[in-house]
**Q** 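Mind having a look at this structure? Questions to follow.
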Amino acid sequence: DAKVTNNELSVEKRSDEIKKMLKKKKKINFVDLFKKGDKPYLVVTFLSILEMSKSGILSINQSKNFDNIIIESRLGQWINLEYLKAYYLL
C-alpha cells in the first residue's frame with residue numbers, strides 16, 4: 001500500500017517562512033534552516049536562500065573555511081528593487 005501525498009512547498013512559501021524566522025532572530029545558522037530531511041524540502045530551502053540573497057533580503061556569511069554559515073536579515077536595509085520588480089512582477 002503506497003500512500004501519495006501532495007504537500008508541495010514553493011520557493012515563495014519557504015521564503016516567507018525564512019523571513020518570519022529572520023524577524024524573530026536577525027541571524028540564523030545555515031544548518032538550522034534544514035531541520036526536515038526530505039530532498040524536495042532541502043532543494044526549496046536552498047533555492048529560497050539564494051533568491052533572497054540575490055534580492056538583498058538576506059546575506060550569507062562565513063568567517064573562514066569550515067566555519068558555520070550565518071544567514072543574516074537585511075530587511076529594512078537596501079534591497080535590490082529592480083530584481084524584486086522582475087521576480088515578483090511588480
**Q** Tell me which pairs pass ring-ring contact (aromatic ring centres under 6.0 Å, His included) where either residue lies in residues 41-71, with sequence neighbours left out.
**A** none

**Q** Enumerate the residue pairs fulfilling side chain to side chain donor-acceptor pair (under 3.5 Å) with a member in residues 61-71, sequence neighbours excluded, ordered by first and then second residue.
**A** S59-N61

**Q** Would you indicate whether the side-chain heavy atoms of I70 and K27 approach each other to under 4.5 Å?
**A**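 Side chain of K27 against side chain of I70, heavy atoms only: contact under 4.5 Å found.
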
**Q** Which atom names give the shortest non-hydrogen contact between I71 and L58, and what distance separates them?
**A**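 Taking I71 first and L58 second, the nearest heavy atoms are CG2-CD2, 3.7 Å.
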
**Q** Begin from the C-alpha positions of E17 and R14 and carry the test salt bridge (Lys or Arg N to Asp or Glu O under 4.0 Å) through to its verdict.
**A** CA-CA 5 Å; E17 291 173 358; R14 184 63 178 135; 3.0 Å; yes

**Q** Look at the side chain of S53 and the backbone N and O of I49, then say whether any donor-acceptor pair between them is shorter than 3.5 Å.
**A**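 Here the side-chain-to-backbone pair does not exist.
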
**Q** So, for S48 and I18, which heavy atoms are closest and what is the spacing to 0.1 Å?
**A**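 That would be CB-CD1, 4.0 Å.
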
**Q** Using the ring-ring contact (aromatic ring centres under 6.0 Å, His included) rule, collect all pairs that involve residues 14-33, keeping only residues at least two apart or in two chains.
**A**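 Qualifying pairs, neighbours excluded: F30-F34.
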
**Q** Look only at the side chain of K26 and the backbone of S73, and say whether a donor-acceptor pair between them is shorter than 3.5 Å.
**A** yes

**Q** Would you indicate whether the side-chain heavy atoms of M52 and K19 approach each other to under 4.5 Å?
**A**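 Heavy-atom side-chain distance check passes, below 4.5 Å.
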
**Q** Between D16 and K13, does a salt bridge (Lys or Arg N to Asp or Glu O under 4.0 Å) hold up when you go through it step by step?
**A** CA-CA 5 Å; D16 288 342; K13 184 176 177 182; over 6 Å; no

**Q** Where do L47 and V11 come nearest, in terms of heavy atoms and distance?
**A**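 Residues L47 and V11, closest heavy atoms: CB-CG2, 4.0 Å.
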
**Q** Assigning hydrophobic clusters by single linkage (Ile, Leu, Val, Met, Phe, Trp, Tyr; side-chain heavy-atom cutoff under 4.5 Å), is M21 placed with L42?
**A**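 Hydrophobic grouping puts M21 with L42.
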
**Q** Going by the rule side chain to side chain contact (heavy atoms under 4.5 Å, CB included), which residues pair with K25 if we only count those two or more places apart in sequence or in a different chain?
**A** none

**Q** What's the shortest heavy-atom distance between I69 and N29, and which atoms?
**A** O-OD1, 3.5 Å

